[in-house]
Every structure is written in structure tokens, then in C-alpha cells.
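These notes are about the structure you will find just below.
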Amino acid sequence: SPFQCLKGCIVYFAAWVHGDPRKVVYPTDSYGQFCGQTDTLNEKKTILFYFNILKCASPLVLINLQCPTTQLCVSKCPDRFATYIDVQASYRYKPDQWNYFRQFCKPGFNNPRKSVTQVLRDEDCPSMIIPSRPFLKRCFPDFSTKNGVLTVANQTTFKDGRGKTRNVTDLREAANGINNVLDARSVGMKIFEDYAISWYWILIALFFAMMLSLLFLVLLRFTAGVLFWIFIFGVIGIIGYGIWHCYWEYDHLKGIPGSDLTVYDIGFQTDFKVYLQLRQTWLAFMVILCGVEVIIILMLIFLRNRIRIAIALLKEGSRAIGYIMSTLFYPIVTFLLIAICISYWAVTAVFLATSGEPVYKVMANQTLCKYANLTCDPETFNTTNVTKLCPGAQCTFAFYGGESLYHKYIFIFQLANAFVFLWLVNFAIALGQCTLAGAFASYYWAYRKPADIPLWPLFSSFGRAIRYHTGSLAFGALILAIVQLIRVILEYLDHKLKGTQNSFTRFLLCCLKCCFWCLEKFLKFINRNAYIMIAIYGKNFCTSAKEAFFLLMRNVVRVAVLDKVTDFLLFLGKILVAGGVGVLAFFFFTQRIPVFAEEVPMLNYYWVPLLTVIIGSYLVAHGFFSVYAMCVDTLFLCFCEDLERNDGSTAKPYFMSASLHRILGKKKLSPKKAVG
């Protein structure tokens, strides 16, 4: 809708004007300059170097916050141990060492005669350099373990440049975090290698999953009833066996001392096996199972006709998809639209997150300096008395932020961006549901099938949805997006208040989260059926939602039966596809199929392509079966409308299939319908 586009454009324009993604791409030194940015003095200096990494608590501090030490952009990380004291003492007869060390000093500093105390006070150079390796464009010490001992470049001690010899365990906090990250990187590289050499077979497996999903949908026309009744009688048989086993245990314990005691007599016991020695326990189990068995049998007796209708609709859905095969590939369109929405949200969020201006703070070596961590201006800092009161203090870059009205409301802009994202995603889903509903409705309301089905029903339905129903779809998506945004805010508040001890607040938040979760589920159900009515009649969202709701309420038992039967069969299909393809992939990648043993690539982790195949197969099956579920829901609403609008006479003939007509017990069809 125009309002939807306008709001999204406003948020994006504000983010684009104020944002700067370079703040995410490039690390920033103590002067607020980007490392590695083209056309700057730091173009060839792509890595951030920390003067004293001992001041940094953990890698997370290095990456997300600012470590309280001078940071410079360098072209490469140090590859050796060295201290400023040693280098200064030998610069006359070892100039190469000085030239190497000073590349890690402040730009332009080349005064080895300056006293060590003043250099370290002014932080012109680091007191030491440590062998490091670049990671995330930052120099991290080259930690490793040797015989279980933490080392840096195979050494366990180093000079800190201030007259002390320290153990590398002083860097333990940073070492543990960095080694975990580096181990993760090593695993990540191996996983990437596995994908690089097995992607071809993964695609073949996913293609096989697609064909298996298509085959399952086609076979549902013939096997829906068989699969359902096999499952139902299987459940009845299992419960019957449970009843017999409970009776056998009950009779077997007869006469055994202590078995006639009641649960009340023995009280609560941590060992639950004690309860299995009581006849009363097995009697209770037997009564419960008998009750469940009776309920299932009675439901089958009284709902048998509705179950037959549900199965007939499932078969009819398979037949409809067979006539309109293009609908099976529409989820690709929805996927692309959602991918665009995610890209829009991510780009806008990055621009908003980088909207701040550089903020500089006083960094002092003295712990008692009252100006420490106060904001400062690097251009006028040297003219203030801070350097006199706190010798060695510097005005260094801290983070990106600002005090303007815009910067104060960046969080609100982020919420607005999230809201637009939810709105657009729900609109893309609504467009897909309305398009599919229109295509399948054209099948149902075709008097003679397939002769009266319009040409290109999917494309015609998509054109109608875009041309006539955009506003209705956007309105339905808006309502759902508002509820989802409220849920996001509640989750955010719950995360922020986790440390509080207020039980009432936690209870209230829990209740609100539960209520809005239920509301979201209800709205998704209403919206889905409203879009079907929009596709059939072309009315506005509110009218369609009202008519769909009351139509479903007049057929509430049929709705419940159809929903559960459909859910069961489609879940069975997803498990069958994902499990079947997963088993074949397991035997293939573990070289247990002799015919293909020589074709199997050498993998670091065979579970990498295996899990990818299983998850991918499930998602492929879900994509195809979501179309089938939409088809069944559309045909069901059309079926209910058909029953209410028509009576089967020549003047008002039914549009339903012959199988549905027979289940309803009607005596005859009109001549034309019988032909169809």
C-alpha cells in the first residue's frame, strides 16, 4: 500500500543519510580513522593493533567495545617479541630492530632519544610487542598450547617492557576466548571445505527430495484414506495392547505382599519404580487407556462421515494440484520476496546502527585522574589543563554515538525498521496465500473439470491479487505485524528484566507473552481464510474475514477433523521425505553403498552434508506441502460455500466432485456434472 511504502522509505532515507556502513566493515583506530579504507593514509594499513593488550579483558571487548589502550592501524601484525627498552638501548648498532619496532608506534614518531618514561607516558610507542596473528582485522596474540601448556610463539614468558617478566597465563582470559574463536574458525574452514567438495551431491539429494515430495502428493489421491486408517487402527491396536498389558500386570501382582497398598498409603517416593509394584497403579493405567480407547472409537463412529469428507478433500487437493502443477513452484516467488525483505531490513539496520558520530574520551594512565572517561575534543584537547593534571592523558576515539535529537531516537527508528520488515514479510506471505487460493478456487468452481478451468490460473490469480487486492492484503499483514512487534517488545523487556526479583512482573510478562502468542496464532488462522474469501469474492479484508469466520464456525467440527487429518498426513509426508533422503545420504556419505563407494568425496565431517540434506529435504517438502495445505483449505471453504449456496438441483447444481457428492448421500448429479 502507499502508506506502507512511504513509511519504509522514510526509515530507509533517514538511515541512508546518517548511516555509514564503513563503521562495521573497517575497524577504527584511536583517532576515529578507518583501517584499510581506500583513498586514505590507512589504505594499506588494514589491521588494528593494540598497544597493551593486557588492558583488554576479552576478545568481545576488543570487537564490540573499546579497549582502554591506544589503537593504531598497521599493515601487518608483530611476528616477534620485543620491548621498547631493549630496542631503544640497541638502536645505534641495530637500526633494523628500531625500524621494525617503530612501525607499531604513532605515525611520524622517530625519536629513539626520547626517554622511556616519557614515551610510555605519552604512549608514543607500545612498551612491548607480542607475536600476533590477524583475526577479524585485529591483531591477537598467537596463542597455542604445547603439551597442555599455554604458550605464545612457543614461549611461556615474556617481558612487559616495564621491567617485569610475565607469564603468558596473565593473558588467560583473552587466550581462552581467542582460542575458542580460532578453534571455531578452524572447524568453520573444514565445514566450508566439506561443502565445497560435496555441494554437487547435496543438490542431487535435494532434487531427489523434490521428486519424492511430488510423488507423495500425487499418491495422496490414492493413498490418503489408506494411510489415515492404517494410522488410526494402529493407534487403536497399540492402546488395546496397553490395556491388556495393564490387566496382566494387575493380575500378576495379585497375592504379592504389599501390592494391595494404595498410593496414599506409601506417600511420595523419589523412586517411581515403587509405584509399579502396586495393583492400584496398573488399575489406574488400565482405566485411563480404556477411556481413551472408548473416546477414539466413539469419535470414529460419530465422525466417520466427516472423516470421509476430509479424506475426499485431500484426494481432491491432489487432483487439483495435478491440473495446476505450476502452483508447486510458487513458494520460490515467496522465498525471493522474503529474501528481498530481509535484505532491506538488514541494510537499513546496519545504516541505522552506524548513524553516530565519533565520540572521544579521555584515556589516562593514572587511575585517580578525575577526567578519565569524560568526553573530549581531540582538536582542542592539548590546549586544556587535562594533560597537566593527568600526565600522559590522551583524547582517543571511544565509540560512535551522538547527542542530537536523531541519535536519541535511533532505537525508535530500529523498531520502525523491524515493524516495516514484519509488515513486508507478512504481505509477501499474504500475497502467496491469496494467489494460490485464487488458482485453486478457479479449479473448484469450474463446472466441468478440467475443461472449464481458465488458462494460466496461477498467473491470472497473481494478477488479480496485485491489481485489486493489494490494500486488503496489506491491511491483514498490518494487523499481524502489530501483534508480532508487540511480541518482540515483550521478549526484549523479558530479556532486560531477567535479573529482577519481582515475581509479579515476571508473571505479568509471561501472561502477556502467552496471550499475544495465542492472538498471533488466531490472527494467522483468520487471515489465511480471509485471503481465501478475498480470492473467491474479491471483497475487502474485514468483510472477507467476518464471512470466513462465521462460515468456519458453522462447520466447526468439519474444520477440526480436516485440520487434524491434513496435519497428520502432511507431517507423515515430511518425515517420510526427510527421513528417506537422510537415510540414503547417510549410507552414501559413509561409503556403505558399494556401487557409489568410489564416488564419495573425502570429508572432514560426514555429518555436514548429511544434516544439510536432511534439513534441506524437510524444507523442500515443507514448501511443496504448504501449497497442498493451502489447496485443501481453499477447497474446504469452497465446499462449505457450495453446500450453503446450492442444493444440487438443475437450477443450483453442486460444483463439488462426484466423490464428495456421493459421501453426502445425494441421489444424483445434474447431467452435466455427471459428465465432469
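Nothing here was measured: the structure is a model prediction, and the numbers come from that model. The first residue in the sequence is number 1, and the count goes up from there.
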Item to complete: Test Phe216 against Phe625 for ring-ring contact (aromatic ring centres under 6.0 Å, His included), laying out the working first.
Response: CA-CA 10 Å; Phe216 183 83; Phe625 294 166; 5.5 Å; yes
Worksheet entry | Pair Leu478-Phe419, side chain to side chain contact (heavy atoms under 4.5 Å, CB included): steps then yes or no | CA-CA 9 Å; Leu478 171 65; Phe419 174 70; 3.4 Å; yes
Practice prompt. Determine, for Trp445 and Arg645, whether the Lys NZ or Arg CZ falls below 6.0 Å from the six-membered ring centre while staying within 45 degrees of the axis.
Written response: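 Judged by the rule, Arg645 and Trp445 form a cation-pi pair.
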Measure across [X] and [Y] and return the closest heavy-atom pair with its distance rounded to 0.1 Å.
X      : Y      : answer
Met533 : Leu637 : SD-CD1, 4.2 Å
Gly317 : Tyr628 : C-CE1, 3.8 Å
Ile338 : Ala428 : CG1-CB, 4.2 Å
Ala530 : Ser544 : O-CB, 3.6 Å
Leu212 : Leu576 : CD2-O, 4.4 Å
Leu328 : Pro331 : O-CD, 3.3 Å

Worksheet entry | Given Glu547, Lys546, Met553, the one that forms side chain to side chain contact (heavy atoms under 4.5 Å, CB included) with Phe549 |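 In the set Glu547, Lys546, Met553, the residue that makes a side chain to side chain contact (heavy atoms under 4.5 Å, CB included) with Phe549 is Met553.
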Which word best sums up how the rings of [X] and [Y] line up, parallel for under 30°, tilted for 30 to 60°, or perpendicular for over 60°?
X      : Y      : answer
Tyr531 : Phe541 : tilted
Phe421 : Trp345 : tilted
Tyr447 : Phe655 : perpendicular

Whether [X] side chain and [Y] backbone form a donor-acceptor pair below 3.5 Å:
X      : Y      : result
Tyr330 : Val627 : no
Ser472 : His469 : no
Ser442 : Ala439 : yes
Thr435 : Leu431 : yes
Asn417 : Phe413 : no
Asn540 : Thr543 : yes

Worksheet item: Can you tell me if CH2 on Trp517 sees more than 12 non-hydrogen neighbours from other groups inside 6.0 Å?
Response: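 No.
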Please report the interatomic distance [atom1]([X]) to [atom2]([Y]), rounded to the nearest 0.5 Å.
X      : Y      : atom1 : atom2 : result
Leu473 : Ile534 : CG    : CD1   : 5.5 Å
Leu485 : Leu415 : CG    : CG    : 6.0 Å
Phe516 : Ile489 : CZ    : CD1   : 9.5 Å
Leu436 : Leu458 : CG    : CG    : 6.5 Å
Leu519 : Gln484 : CG    : CD    : 10.5 Å
Lys524 : Asn529 : NZ    : CG    : 14.5 Å

Item to complete: Decide yes or no on side chain to side chain contact (heavy atoms under 4.5 Å, CB included) for Trp229 and Leu300, but give the supporting numbers first.
Response: CA-CA 10 Å; Trp229 289 115; Leu300 291 176; 3.8 Å; yes
Discussion item. Per the salt bridge (Lys or Arg N to Asp or Glu O under 4.0 Å) rule, what does the pair list look like for residues 473-487, sequence neighbours excluded?
Written reply: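 Found Arg487-Glu520.
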Would you mind writing out the side-chain donor-acceptor pairs for residues 609-617 within the sub-3.5 Å range, not counting sequence neighbours?
from: Thr612; atom 1: OG1; to: Tyr195; atom 2: OH; distance (Å): 2.6
from: Thr612; atom 1: OG1; to: Val608; atom 2: O; distance (Å): 2.7
from: Ser617; atom 1: OG; to: Val613; atom 2: O; distance (Å): 2.6

Practice prompt. Test side chain to side chain contact (heavy atoms under 4.5 Å, CB included) on Cys631 and Thr327 and set out the steps.
Written response: CA-CA 9 Å; Cys631 176; Thr327 55; over 6 Å; no
Fill in: side chain to side chain contact (heavy atoms under 4.5 Å, CB included) between Met630 and Ile532, intermediate numbers included
CA-CA 9 Å; Met630 194 68 200; Ile532 296 174; 3.5 Å; yes
Fill in: Side-chain touch Arg319/Tyr443, heavy atoms, less than 4.5 angstrom
yes
Worksheet item: Do the non-hydrogen side-chain atoms of Tyr618 and Val577 ever get within less than 4.5 Å of each other?
Response: no
Worksheet item: Are the ring centres of Trp423 and Phe427 closer than 6.0 Å?
Response: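 No, the ring of Trp423 stays outside the 6.0 Å limit from the ring of Phe427, centre to centre.
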Discussion item. Per the side chain to side chain donor-acceptor pair (under 3.5 Å) rule, what does the pair list look like for residues 284-297, sequence neighbours excluded?
Written reply: none
Item to complete: Could you note down all residue pairs passing side chain to side chain donor-acceptor pair (under 3.5 Å) where residues 630-644 supplies at least one of them, sequence neighbours left out?
Response: Tyr444-Asp642, Arg528-Asp633, Tyr537-Glu641, Arg554-Glu644, Asp642-Asn646
Fill in: Val294: partners by side-chain contact (heavy atoms from CB on, under 4.5 Å), with sequence neighbours left out
Leu298
Mind listing the side-chain donor-acceptor pairs of residues 198-210 below 3.5 Å, one per line with the distance, residues two or more places apart or on another chain?
from: Ser198; atom 1: OG; to: Asp194; atom 2: O; distance (Å): 2.5
from: Trp199; atom 1: NE1; to: Ala196; atom 2: O; distance (Å): 3.4

